[in-house]
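Working notes, structure below.
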Amino acid sequence: MGDDGAAEVDAEVDIQAMSSPLGTEPTLRAVPLADGRAPLVLVLGATGYIGGRLVPRLLAGGYRVRALTRSGRRLAALPWADQVEVIEGDASDADAMSRAMADVDIVYYLVHSMISGRDYGRLDRAIALTVAKAAAAHGVDRIVYLSGLHPDGVELSAHLASRQEVGDILIASATPTIVLQAGVVIGSGSASFEMIRHLTEVLPYMPAPRWVRNTIQPIAVRDVLYYLLAAARVEGEVNDAFDIGGPDVMRYSEMMNGYAEVAGLPRRGITALPVLTPGLASHWVGLVTPVPRQIARPLVESLLHSCVMKDDAIDGLIPPPPEGLMGYRDAVRFALGRIEIDAVETSWVDSRVIGAPSDPMPSDPDWAGRTVFQDARSKATSAPPDAVWDVITQVGGATGWYSASVLWATRGLIDRIAGGVGSKRGRRRYDRLTEGDAIDVWRVEHVEPGRLLRLRAEMRVPGKAWLELGVEPAEDGSEYRQRAVFFPRGLTGRLYWLSMLPFHGLVFSGMVNRIVAEAEGGSTGGPGE
């Protein structure tokens with residue numbers, strides 16, 4: 001075998017290592033029930049950052065999996081969707097939860113409501129009580145809940161206090177519950193990792209809040225998955241909370257400079273300032289990183305205290321993984337490796353955004369009697385439909401929007417300043433688009449492969465907005481079609497659309513021309529020019 005072959009083998013080994021645990025390990029596989037059936041697992045939060053990684057590993061380990069989700073269409077777009085049973089409904093709905101709990105052996109509780117507005121604690125409490133009642137009614141054997149690592153004897157942030165309260169409710173329920181309390185999770189696509197990555201890469205010097213001096217105990221996402229999988233196999237009716245963490249205890253400032261070391265960046269100067277409150281710090285994080293303010297603030301508040309494991313009681317319940325717990329720098333290296341090969345499994349950007357329209361665009365006949373503004377354009381091209389579709393599906397992220405890149409960037413910055421998601425989210429993957437994916441300030445609402453991509457705006461606008469990019473076959477090639485649709489809210493919405501008209505002429509016409517040119521192979525510049 002030549003050098004090229006050796007390189008291919010090494011690449012395969014690295015990819016497999018980055019995917020560990022697989023769920024197929026003998027100590028993690030499902031143990032058949034007394035009647036020989038595989039245990040039935042209900043995953044609450046299956047489309048979230050952790051849940052989206054846990055489900056395929058449960059399936060690989062021989063479990064039967066059921067998922068409760070608000071959006072069956074969103075889950076149907078995931079690669080493992082046809083292997084799970086889907087119950088559509090909200091976790092706070094007692095009827096939906098009761099249907100989801102029927103005949104279930106193990107429940108994974110991976111939902112939390114920190115992006116559901118200021119009253120998320122009340123919603124978390126309601127969901128926990130609903131889960132506890134349904135689990136008891138259906139005789140569930142065990143609940144496994146992923147909570148947050150926190151100190152005792154101090155006033156916790158609203159986020160950590162809510163996590164602790166949920167754990168207390170579940171432990172006090174009639175169903176044995178294992179609560180795993182994890183600190184900062186390091187993995188490709190996690191909000192905590194993205195905060196560290198972008199703060200370190202963007203800022204050579206950082207004025208930071210005092211919490212950068214606090215000690216924390218990060219944990220690699222692979223180790224979180226290991227503990228979650230192993231918890232299903234614990235014998236006996238264990239009903240308690242356990243701290244989990246990686247082998248490194250460090251300051252937040254050390255985490256940022258540890259990232260810089262792995263990424264090949266110079267060491268960053270960090271000065272702790274007493275004047276940066278959590279609110280101001282979350283604004284700062286929201287502007288510098290892709291993580292929007294409504295997610296950044298509870299994460300920042302969770303760093304106000306030193307959070308390290310109080311004991312190693314978890315070792316008596318679940319032994320560490322055979323290869324050992326992963327250190328911080330190795331976790332960063334693996335995360336960057338996944339980003340480099342465009343193989344990020346799940347990401348914080350999959351979370352829904354509060355304040356953004358959540359309903360799909362109504363069909364055209366439903367517009368009767370409503371105020372609606374449209375910008376519809378089309379252009380015939382000699383390019384075949386599949387060539388046009390390939391260009392459409394590359395939109396956003398590093399590719400840009402095929403026209404007026406400065407205007408798109410400015411609109412994204414304005415949205416960030418206003419507390420919205422902004423355009424820094426980019427794209428999680430570039431090799432495919434699925435319903436529910438985030439692309440800059442948009443969310444993929446509907447995909448008809450080879451024909452139509454519909455995006456729903458999650459930027460802050462006085463109304464609801466969509467952008468459709470599509471292609472239809474034609475006799476001499478194809479026809480590219482593009483439509484922006486806006487349902488204004490009140491007078492402000494109407495004035496907003498009118499103020500945008502001059503820019504639409506430049507942005508949307510440029511998109512049409514550039515997308516067609518790219519498809520025909522006649523582009524003379526970059527897509528964002």
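Values below: every heavy atom of this structure, side chains too, minus hydrogens, waters and symmetry copies. We count residues from 1, following the sequence as given.
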Taking only residues two or more places apart in sequence, or in another chain, which ones meet Ser147 in a side chain to side chain contact (heavy atoms under 4.5 Å, CB included)? Tyr145, Arg163, Val179, Gln181
Can you confirm whether Asp386 is buried at CG, in the sense that more than 12 heavy atoms of other residues, nucleotides or ligands lie under 6.0 Å from that atom? yes
Is it the case that the side chain of Ser188 and the backbone of Ile339 share a donor-acceptor pair, with hydrogens and angles ignored and the cut-off at 3.5 Å? no
Of all heavy-atom pairs between Ile392 and Ile515, which one has the smallest distance, and what is that distance? CG1-CG2, 4.5 Å
Side chains of His138 and Ser98, donor plus acceptor under 3.5 Å: yes
Contact summary for Ala67 and Ala46, nearest pair of heavy atoms: CB-CB, 3.7 Å
For Glu448, I'd like to know if atom CD has over 12 heavy atoms of other residues, nucleotides or ligands within 6.0 Å. yes
NZ/NE/NH1/NH2 to OD/OE distance under 4.0 Å, Arg333 and Glu340: no
Thr346 side chain to Arg53 side chain, donor-acceptor N/O pair below 3.5 angstrom: yes
Could you tell me whether Arg125 and Glu165 make a salt bridge, using a distance below 4.0 angstrom between a side-chain N and a carboxylate O? yes
Single hit among Arg456, Gln374, His446 for side-chain contact (heavy atoms from CB on, under 4.5 Å) with Trp466: Arg456
For the student: nearest non-hydrogen atoms of Ala232 and Arg142, plus distance: O-NH1, 3.7 Å
What are the two closest heavy atoms between Ala182 and Ile219, and how far apart are they? CB-CG2, 4.2 Å
Where do Pro39 and Ala30 come nearest, in terms of heavy atoms and distance? CD-CB, 3.9 Å
For the student: nearest non-hydrogen atoms of Leu160 and Cys307, plus distance: CD1-SG, 4.4 Å
Pairs in or reaching into residues 36-46: which pass salt bridge (charged side-chain N to carboxylate O under 4.0 Å, His left out), with residues at least two apart or in two chains? Asp35-Arg37
